[in-house]
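Working notes, beginning with the structure itself.
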Amino acid sequence: MKLIVTINAGDATQDIVLPVGHATQSFKWLADAAAYRFIHDGAPRHGHNLSLSNQSREQHLLPLNANLMPKDVYSADCSFFHPDDVIKDHVVDGQSITEMAKR
């Protein structure tokens, strides 16, 4: 199973296709895995050349040593997934999930 996870971390937003196997993990695992992928697989970082003014770039980039703390996970059908709930009990393959995270 794969899920499309949209991570909102302040001004930075990214869609990630996240393989979840048989989806027997918890939503806490999903949130942590998506946050890890966001940081390590392409979140805009300081030092990258973007076509923004210097001031705009500083407002939207994550520091090099950034960590994200998952705050909320929800979908269009469900306003809250409990961190201990099992993924396969609530979502289907290819479904979109949103994660709010703070830096």
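Numbering of residues begins at 1 and proceeds along the displayed sequence. Computation of the quantities below employed the complete heavy-atom set of this structure, encompassing side-chain atoms and omitting hydrogens, waters and symmetry-equivalent molecules.
Contact annotation: the side chain of Ile97 approaches that of Phe81 to within less than 4.5 Å [non-hydrogen atoms, C-beta and beyond].
Going from atom CD1 of Ile4 over to atom OG1 of Thr98 covers 10.5 Å, rounded to the nearest 0.5 Å. Atoms CG and NE2, from Leu30 and His90 in turn, are 12.0 Å apart once rounded to the nearest 0.5 Å. In this structure, CZ on Phe27 lies 11.5 Å from NE2 on His82, to the nearest 0.5 angstrom.
Remark: Ala35 engages Leu68, Pro70, Glu99 in a side chain to side chain contact (heavy atoms under 4.5 Å, CB included) (not counting sequence neighbours). With sequence neighbours left out, the side chain to side chain donor-acceptor pair (under 3.5 Å) criterion links Asp72 to no other residue. Scored by the ring-ring contact (aromatic ring centres under 6.0 Å, His included) test, Tyr36 finds His40 as partners (sequence neighbours excluded). In terms of the side chain to side chain donor-acceptor pair (under 3.5 Å) criterion, Ser75 has no residue partners (sequence neighbours excluded).
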side-chain contact (heavy atoms from CB on, under 4.5 Å) between Arg37 and Val5, worked out: CA-CA 10 Å; Arg37 289 276 307 272; Val5 182; over 6 Å; no
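Between Ala33 and Leu18 the shortest heavy-atom distance is CB-CD2, 4.2 Å. Across Val73 and Ala31, no two heavy atoms sit closer than the pair CG2-CB, 3.8 Å. Of all the heavy atoms in Trp29 and Pro19, the pair that sits closest is CH2-O, 4.1 Å. Val92 and Leu3 get closest at one heavy-atom pair: O-CD2, 3.5 Å.
Applying the salt bridge (charged side-chain N to carboxylate O under 4.0 Å, His left out) definition to pairs two or more places apart or across chains, none involves residues 82-93. The side chain to side chain donor-acceptor pair (under 3.5 Å) analysis of residues 17-27, with sequence neighbours excluded, yields no pairs. Within the structure, the salt bridge (charged side-chain N to carboxylate O under 4.0 Å, His left out) test picks out the following pairs touching residues 13-35 (sequence neighbours left out): Lys28-Asp32.
The hydrophobic cluster around Tyr74 extends to Met100, counting ILVMFWY residues whose side-chain heavy atoms fall within less than 4.5 Å of a member.
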